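Heads up, the thing below is written out as structure tokens.
Model, not experiment: these values are computed from the prediction.
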Amino acid sequence: MYLRNSAKAVIVKDDKILCIKCKDDWRFFYLLPGGGQEPGETLPDAVRRESREEVGADVVVHDLIFVRDYISANHEFAEYESEVHQVELMFSCELADGSKQEFGDLPDKDQIGIEWLDLDELESYRLYPMALRPFLIDRKFDCTTYIGDVN
């Protein structure tokens, strides 16, 4: 098993959240923009780089608002990836002035696009981590919350 840090952007505007849209063998699913932190890179720098790569947008990084452990052996995809332990650090972000959102230059491997999801309708989307949905629906972004080893 290996440990990986991942930095994610929580970009909310007009009661919608910007996500990358992905497709697997079952159907569509959504993720926050972001990904693995590279050696020597700060977490905010990782969020900025990953946002440019996946949603083609420059972001302003604010506070750390969610922390998640993901130990793959404990979850639904264990048979496909049982050797992953990822710590996700999710930051409140906003789009930089004049920044567009478009399919980035280095999209995630399952990514087929980007989409703004209505916060009040998140229960109808396969958004990972699913345990994050209630916090987003209730607009609980005012403090750092550890959401646990969840999928």
(message) Checking Arg139 now: which residues fulfil side-chain hydrogen bond (donor to acceptor under 3.5 Å, both in side chains) with it, not counting sequence neighbours?
(response) Asp15, Asp120

(request) Could you give me the CA-CA distance, side-chain angles and deciding distance for Asp69 and Tyr146, then say whether side chain to side chain contact (heavy atoms under 4.5 Å, CB included) is met? (result) CA-CA 9 Å; Asp69 270 307; Tyr146 175 68; 2.5 Å; yes

(message) Is there a continuous path of hydrophobic side-chain contacts, each under 4.5 Å between heavy atoms, that joins Leu89 to Val60?
(response) no

Which atom pair, heavy atoms only, marks the closest approach of [X] to [Y]?
| X | Y | answer |
| --- | --- | --- |
| Lys16 | Asp118 | CG-CA, 4.0 Å |
| Cys19 | Leu117 | SG-CD1, 3.8 Å |
| Ala9 | Ser51 | CB-OG, 3.7 Å |
| Leu32 | Glu54 | O-OE1, 4.3 Å |
| Val47 | Ala7 | CG2-CB, 3.4 Å |
| Lys8 | Glu88 | CE-OE2, 3.6 Å |

Using 0.5 Å steps for rounding, measure from the [atom1] atom of [X] to the [atom2] atom of [Y].
| X | Y | atom1 | atom2 | answer |
| --- | --- | --- | --- | --- |
| Leu132 | Met90 | CG | CE | 5.5 Å |
| Arg133 | Leu122 | CZ | CG | 7.5 Å |
| Tyr70 | Gln86 | OH | CD | 8.5 Å |
| Phe141 | Asp63 | CZ | CG | 13.0 Å |
| Ser6 | Glu50 | OG | CD | 7.0 Å |
| Glu94 | Leu18 | CD | CG | 13.5 Å |

(request) Given side chain to side chain contact (heavy atoms under 4.5 Å, CB included), test Leu31 with Cys22 step by step and report yes or no. (result) CA-CA 8 Å; Leu31 301 170; Cys22 303; 4.2 Å; yes

Please tell me if the side chains of [X] and [Y] come closer than 4.5 Å, counting only heavy atoms from C-beta onward.
| X | Y | value |
| --- | --- | --- |
| Val61 | Arg48 | yes |
| Val87 | Leu3 | yes |
| Ile147 | Val67 | no |
| Ile137 | Glu123 | yes |
| Phe91 | Val10 | no |

(request) Could you tell me whether the side chain of Thr144 and the main chain of Phe66 form a donor-acceptor pair under 3.5 Å? (result) no

(request) Examine distances only and state if a side-chain atom of Asp24 and a backbone atom of Arg27 form a donor-acceptor pair shorter than 3.5 Å. (result) yes

(request) Using a strict cut-off of less than 4.0 Å between a Lys/Arg side-chain nitrogen and an Asp/Glu carboxylate oxygen, indicate whether Lys23 and Asp110 qualify as a salt bridge. (result) no

(request) Could you please spell out the steps behind the side chain to side chain contact (heavy atoms under 4.5 Å, CB included) verdict for Glu115 and Tyr125? (result) CA-CA 11 Å; Glu115 194 167 323; Tyr125 292 100; 4.3 Å; yes

(message) Test: salt bridge (Lys or Arg N to Asp or Glu O under 4.0 Å). Region: residues 32-43. Which pairs qualify, not counting sequence neighbours?
(response) Glu38-Arg49, Glu41-Arg49

(request) State yes or no: are the ring centers of Tyr30 and Tyr128 separated by less than 6.0 Å? (result) no

(request) Test side chain to side chain contact (heavy atoms under 4.5 Å, CB included) on Phe28 and Ile112 and set out the steps. (result) CA-CA 9 Å; Phe28 298 116; Ile112 61 168; 3.3 Å; yes

(request) Check Asp14, Ile11, Ile17 against Trp116 for a side chain to side chain contact (heavy atoms under 4.5 Å, CB included) and give me the one that passes. (result) Ile11

